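This report concerns only the one structure given below.
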Amino acid sequence: MKFLIEIPLAGGASNFDVDTMNLEPTPITSDEITLIGAAIYQAQKVEWALYGIASHVSHLPAAQRKKRFKQINPEAFLRDDPADFKATLGEITAVFGDAFLISSPELEEFVDDRNLIVHNFYRLFHANIRDGHRREDPVGFLQDFILRGQQWHSIVRGLLVCLQERAAEKEGRMEELSLRDEDYAHKVAYLAHATKVAERLLAKLDGQSTS
């Protein structure tokens with residue numbers, strides 16, 4: 001049965017089509033609930049790792065243009081109130097992505113999917129909206145996101161390894177730097193991704209120079 005409710009609003013009345021929404025959403029499963037928690041946790045690990053690195057490079061011009069980042073330092077990042085560091089994953093990648101050679105369509109997709117999980121998972125996977133956009137296979141989506149989150153965490157940790165090596169080399173303390181096998185694996189992951197990013201940037205510059 002379809003009916004309209006007239007809701008008085010400033011500037012006139014608005015008709016709200018109750019039949020547009022099915023008030024019986026698709027039930028969420030226990031697997032989904034578990035995976036949502038794991039997905040958010042994985043996204044936070046990536047965010048934490050990126051923010052930690054960002055705290056060491058607040059002197060970069062990109063950081064100095066943002067009040068949120070210009071005053072941050074490693075000690076404050078680790079010891080101060082977490083509420084003082086409210087930058088989202090999207091903000092961190094927007095400010096530091098190019099400097100870290102991690103900006104890519106894949107990273108943008110990861111950030112978008114993180115936001116979907118936090119803000120629109122119910123709407124897109126469970127709310128029954130007549131003629132509305134809907135996505136299928138929530139379990140598969142979440143499992144894929146978690147795997148990509150693990151890959152991004154490895155890439156960011158690889159970036160940290162490269163920064164540690166550079167700092168040790170600059171200070172003549174390479175013999176003091178102790179790296180594990182997993183550190184080298186993360187470094188390989190980062191260098192592979194950074195190489196792709198650099199190749200895309202070069203291709204873009206070549207295209208601009210010939211146009």
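From a predicted model like this one, the values you see are computed outputs, not experimental measurements.
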### Query
So, does Thr34 use its side chain to make a donor-acceptor pair with the main chain of Ser30 at under 3.5 Å?
yes
### Query
For the atom pair CG (Leu159) and NE2 (His193), what is the distance rounded to the nearest 0.5 Å?
10.0 Å
### Task
Answer yes if Ile28 and Leu116 sit in the same cluster of Ile, Leu, Val, Met, Phe, Trp and Tyr residues linked by side chain heavy atoms under 4.5 Å apart, and no otherwise.
yes
### Message
Is there a continuous path of hydrophobic side-chain contacts, each under 4.5 Å between heavy atoms, that joins Phe121 to Tyr41?
### Response
no
### Query
Between Arg123 and Asn128, is there a donor-acceptor pair closer than 3.5 Å when you use the side chain of the first and the backbone of the second?
no
#### Entry: No-hydrogen, no-angle side-chain donor-acceptor test under 3.5 Å, Ser154 and His186
yes
### Summary
Separation between CD (Gln164) and NZ (Lys187), nearest 0.5 Å, reads 11.0 Å
### Query
Are Leu101 and Leu163 co-members of a hydrophobic cluster defined by side-chain heavy atoms under 4.5 Å apart?
yes
### Message
When you measure from the side chain of Glu171 to the backbone of Ala168, do you find a donor-acceptor pair of N or O atoms at a distance under 3.5 Å?
### Response
no
### Query
Any donor-acceptor pair under 3.5 Å linking the side chain of Gln42 with the backbone of Ile146?
no
### Query
So, the side chain of Arg157 versus the backbone of Asp183: is there a donor-acceptor pair under 3.5 Å, distance only?
no
#### Entry: Sidechain-backbone polar pair: Asp137 side chain, Gly140 backbone, donor-acceptor under 3.5 Å
yes
### Query
Who are the side chain to side chain donor-acceptor pair (under 3.5 Å) partners of Arg200, not counting sequence neighbours?
Glu106
### Task
Nearest 0.5 Å please: distance from the OG1 atom of Thr93 over to the CG atom of Leu107.
5.0 Å
